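Inspection log for the structure reproduced underneath, given as structure tokens.
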There are 2 protein chains.
Amino acid sequence: MPEVLHALADPVRLEIVRLAAAHPRLPCNRFFDEIPKSTMSHHWRVLREAGVIRQEGHGAARLNSLRREELDHRFPGLLEAILR
Amino acid sequence: MPEVLHALADPVRLEIVRLAAAHPRLPCNRFFDEIPKSTMSHHWRVLREAGVIRQEGHGAARLNSLRREELDHRFPGLLEAILR
DNA sequence: TCGATTGTTCGAGTATAATCGAACAATTGA
DNA sequence: TCAATTGTTCGATTATACTCGAACAATCGA
């Protein structure tokens, strides 16, 4: 639980989560042109390791999806509260 | 929002919040005898400045209360999800 | 008044996290 | 095959956070 909260307690990652919620299968480089890709890769990794998102390789790109079901199962209501 | 999540993203503070939810007007030194009081004071401060708890002076002690209404108003469902 | 109780503040040390350039790997398309 | 695209990893730097002893302030009870 603290790990998930920590993953969400960052402005950039919170925005990532909200965009991922609105855009299924979101590529890593979408919507964050001003932030260096190594920085973004770090944030994607934190979210991935916390179990918040899932990545699937699709060609050279990676498509990111929010793990809604798993999160709702582990922490009911949390994601909904964050996304509201 | 990130500030509140950060305040909650610590094991000790999460436990504080849960105890505060169960024990209204909780003194600072209750339940955490093994942790130095300066460390506890730090955690109380983080929660206070994030708007999660409120302190009222009661003699030499301070009684801490969860700010349920304010939190529910600002972030509906969040506290309930955290406390579940 | 004075010792005991309850917390805060300060400062230093340590640990963790964020940032980002550079090099690398994998894939696509021409 | 080869250049372009998409991300990851590495290493270094900087920033932020956690921990905790020591000194201090406020209050209560005897």
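The chains referred to below are lettered A, B, ... by the order of the sequence lines, with proteins before strands, and numbering in each begins at 1. Bear in mind that the values here come from a model prediction, so they are computed numbers and not experimental data. Atoms considered below: every heavy atom in the structure, side chains included; atoms not considered: hydrogens, waters and symmetry mates.
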Side chain to side chain contact (heavy atoms under 4.5 Å, CB included) for A:N64 and A:C28? Distances and angles first, verdict last. CA-CA 7 Å; A:N64 301 276; A:C28 288; 3.3 Å; yes
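Applying the salt bridge (charged side-chain N to carboxylate O under 4.0 Å, His left out) test to every pair with at least one member in residues 63-84 of chain B, sequence neighbours left out, gives these pairs: B:R54-B:E70, B:R67-B:E70, B:E80-B:R84. Identified under the salt bridge (charged side-chain N to carboxylate O under 4.0 Å, His left out) test for residues 29-46 of chain B, with sequence neighbours left out: B:R45-B:E49.
Listed pair B:R48 / C:dG7 fails the phosphate criterion, with no side-chain N or O lying under 4.0 Å from OP1 or OP2. At C:dC10, none of the side-chain N or O atoms of B:R45 fall inside 4.0 Å of OP1 or OP2 (strictly under the cut-off).
The nearest whole Å value for the distance from the CD atom in A:E49 to the P atom in D:dT8 is 11 Å. In this structure, A:L47 atom CG and D:dG7 atom C1' are separated by 15 Å, rounded to whole Å. Atom-to-atom, CZ of B:R62 to C1' of C:dG7 comes out at 5 Å; the value is rounded to the nearest Å. Atom CH2 of A:W44 and atom P of D:dT9 are 15 Å apart (whole Å). Look at CE on A:M40: it is 10 Å from P on D:dT8, rounded to the nearest Å. In this structure, CG of A:L63 is placed 12 Å from P of D:dT6, rounded to the nearest angstrom.
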Heavy atoms under 4.0 Å is the rule here; annotate nucleotides 11-19 of chain C 5' to 3' with B where the base is hit, S where only the sugar-phosphate is, and - elsewhere. ------SSB
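Considering all non-hydrogen atoms of both residues, B:W44 and B:Q55 come closest at CB-NE2, 3.8 Å. Pairing each heavy atom of B:L63 with each of B:P27, the nearest pair is CD2-CG, 4.0 Å.
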Could you list the donor-acceptor pairs under 3.5 angstrom formed between side-chain atoms of residues 4-26 of chain B and any protein atom two or more places apart in sequence or on another chain?
| unit_1 | atom_1 | unit_2 | atom_2 | d |
| --- | --- | --- | --- | --- |
| B:D10 | OD1 | B:V12 | N | 2.9 |
| B:D10 | OD1 | B:R13 | N | 3.1 |
| B:R13 | NE | B:A7 | O | 2.7 |
| B:R13 | NH1 | B:H43 | ND1 | 3.1 |
| B:R13 | NH2 | B:H6 | O | 3.3 |
| B:R18 | NH2 | B:I82 | O | 3.0 |
| B:H23 | ND1 | B:L19 | O | 3.1 |
| B:R25 | NH1 | B:E56 | OE1 | 3.4 |
| B:R25 | NH1 | B:E56 | OE2 | 2.6 |

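For the contact set between residues 27-35 of chain A and DNA chain D, defined by any heavy atom under 4.0 Å, the members are A:P27, A:C28, A:N29. Contacts between residues 50-60 of chain A and DNA chain C, defined by a heavy-atom separation below 4.0 Å, involve A:G59, A:A60, listed by number.
Under a hydrophobic-cluster definition in which Ile, Leu, Val, Met, Phe, Trp and Tyr are linked whenever side-chain heavy atoms come within less than 4.5 Å, directly or via other members, B:F31 and B:L83 are assigned to the same cluster. Using a 4.5 Å cut-off between side-chain heavy atoms of Ile, Leu, Val, Met, Phe, Trp and Tyr, with links allowed through other members, A:L47 and A:I35 fall into the same hydrophobic cluster.
The line from CG of B:L71 to CG of B:L66 is 6.5 Å long, rounded to the nearest 0.5 Å.
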